[in-house]
Undergrad: 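Dropping the structure in here first, questions after.
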Amino acid sequence: MDYSAIKARGSDLVLHDIQNFNLGNTLDCGQSFRWKMLAENRYYGIAHSRELSLSLEDENLILHDVTPYEFEKIWRGYFDLSRDYGELFTRFRGDNTLAHALDFAPGIRVLRQEPFEALCSFIISQNNNITRIKGIIARLCAAFGEHLGGEAYAFPTPQALAAATEQQLRDIGLGYRTAYITAAAQEVLSGKLDLNPLYIMPPKQAGERLCAVHGIGKKVAACVLLYGFARVDFIPEDVWVKRIMAQLYPAGFPQELAPWGGIAQQTLFHYARNCEGAVEKT
DNA sequence: AGCCAGGGTCTGC
DNA sequence: GCAGACCATGGC
């Protein structure tokens with residue numbers, strides 16, 4: 001386990017001596033689009049229809065206004081806290097490139113997001129940039145998500161998105177992805193696309209099932225399986241990961257790390273995008 | 001101003 | 001199977 005003890009402190013929960021968890025790198029590395037930095041090492045976001053603000057003080061991770069029940073029910077899983085990242089990062093460091101990447105961007109965990117949110121988010125992500133993706137998703141939630149109080153909205157349900165008109169979705173800025181979102185929401189709502197089996201379906205079959213959805217190709221399918229279903233052996237190959245593979249792994253990605261390729265990819269993606277000279281943009 | 005963005009579809013070879 | 005046009009939009 002990566003943390004020694006969970007204690008209540010007033011209405012907060014404190015995870016003492018948390019290791020291998022860099023809040024900023026994890027919440028702002030292109031895997032989730034719903035988190036905002038309030039200050040250094042202090043973030044606010046929404047997942048599973050719950051608001052959460054959390055902060056890192058010294059070696060302690062503090063979840064504000066969270067009950068132990070909610071922690072066990074939602075956040076332990078969401079932040080993948082039951083996985084031993086210490087052991088995993090040690091394993092990664094056996095690879096020279098990953099050792100450099102981890103030095104540059106330590107503590108990136110792969111979040112376990114809700115399947116339908118991941119499905120929609122990464123349809124929206126295609127041929128798009130992260131800043132604009134965040135804006136579109138924020139507007140989508142405000143327009144169609146459950147109101148949680150204040151300016152907080154849950155990610156919309158399949159019902160809500162399937163019922164949205166084309167013009168409403170276009171006004172949000174979805175552009176040509178409008179039809180893709182509508183189709184995906186309708187498929188999930190009708191049961192034509194059953195998400196639950198994707199947790200356990202064989203890899204090839206799971207990828208093919210998602211690729212059968214209009215607007216989903218191999219890259220988006222891998223993102224949905226990795227971020228929405230914790231299928232950490234999937235490596236989404238966008239332009240950055242293609243550069244990484246071509247330039248840093250000409251002989252192929254290490255076979256022994258393949259079972260955690262999706263987690264390794266997240267560190268490498270952040271490294272390639274943010275470390276000057278890590279990869280060439282040609 | 002023009003290129004690019006965590007791509008996919010469709011058409012034509 | 002692969003190449004290229006095309007897709008909406010706005011960040012930078």
Undergrad: On a whole-Å scale, what distance lies between the P atoms belonging to B/dT11 and C/dA8?
TA: 15 Å
Undergrad: Where each residue is assigned the nucleotide of DNA chain B containing its nearest heavy atom, which of A/Y180 and A/R177 is assigned the position nearer the 5′ end?
TA: A/R177
Undergrad: When you measure from the side chain of A/R9 to the backbone of A/V14, do you find a donor-acceptor pair of N or O atoms at a distance under 3.5 Å?
TA: no
Undergrad: Residues two or more places apart in sequence or in another chain: which of them pass side chain to side chain contact (heavy atoms under 4.5 Å, CB included) with A/T67?
TA: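 A/T67 satisfies side chain to side chain contact (heavy atoms under 4.5 Å, CB included) with A/Y69, A/E70 only.
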Undergrad: What's the separation between atom NE2 in A/H214 and atom OG1 in A/T182, rounded to the nearest 0.5 Å?
TA: 10.5 Å
Undergrad: Please say which of A/D80, A/L81, A/I108, A/L15 ends up in a side-chain contact (heavy atoms from CB on, under 4.5 Å) with A/F21.
TA: A/L81
Undergrad: When you compare B/dG6 with C/dC6, how far apart are their P atoms, in angstrom units rounded to a whole number?
TA: 24 Å
Undergrad: Could you tell me how far C/dA5 sits from B/dC4 if I compare only their P atoms? Round to whole Å.
TA: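 About 15 Å, rounded to a whole number of Å.
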Undergrad: Scan for ring pair (Phe, Tyr, Trp, His ring centres under 6.0 Å) pairs involving residues 98-128 of chain A, sequence neighbours excluded, and state none if there are none.
TA: A/F33-A/F122, A/F104-A/Y271, A/F122-A/Y227
Undergrad: Does A/E166 reach the main-chain N or O of A/T178 with its side chain, forming a donor-acceptor pair under 3.5 Å?
TA: no
Undergrad: Hey, is the main chain of A/G107 close enough, under 3.5 Å, to the side chain of A/T26 for a donor-acceptor pair?
TA: yes
Undergrad: Less than 4.5 Å apart, side chain to side chain, heavy atoms only: is that true for A/L98 and A/Y249?
TA: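 A/L98 reaches A/Y249 side chain to side chain.
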Undergrad: Please answer whether the main-chain N or O of A/G173 pairs with a side-chain N or O of A/R139 as donor and acceptor at a distance below 3.5 Å.
TA: no
Undergrad: Taking atom CZ of A/R209 as the centre, report whether more than 12 heavy atoms of other residues, nucleotides or ligands fall under 6.0 Å from it.
TA: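 Yes, CZ of A/R209 has more than 12 neighbouring heavy atoms, counting only those of other groups under 6.0 Å.
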Undergrad: If you draw a 6.0 Å radius around CD in A/Q255, do more than 12 non-hydrogen atoms from other residues or ligands fall strictly inside?
TA: no
Undergrad: Identify, residue by residue, the members of residues 215-241 of chain A with a heavy atom below 4.0 Å from DNA chain B, and return them in order of residue number, or none.
TA: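 DNA chain B contact set from residues 215-241 of chain A: A/G215, A/I216, A/G217, A/K218, A/K219, A/V220, A/Y227, A/P236, A/D238, A/V241.
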Undergrad: Can you sort out which residues in residues 110-144 of chain A have a heavy atom within less than 4.0 Å of DNA chain C? Ascending by number, please.
TA: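 Here the set is A/N127, A/N129, A/T131, A/R132.
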Undergrad: Earliest and latest nucleotide of DNA chain C, 5' to 3', sitting under 4.0 Å from a non-hydrogen atom of chain A?
TA: C/dC7 to C/dC12
Undergrad: Earliest and latest nucleotide of DNA chain B, 5' to 3', sitting under 4.0 Å from a non-hydrogen atom of chain A?
TA: B/dA5 to B/dC10
Undergrad: If you count every heavy atom of other residues, nucleotides or ligands that lies below 6.0 Å from A/K134 atom NZ, does the total exceed 12?
TA: yes
Undergrad: Kindly say whether A/G24 contributes a backbone atom to a donor-acceptor pair with the side chain of A/N41 at under 3.5 angstrom?
TA: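 Looks like no, no N/O pair under 3.5 Å.
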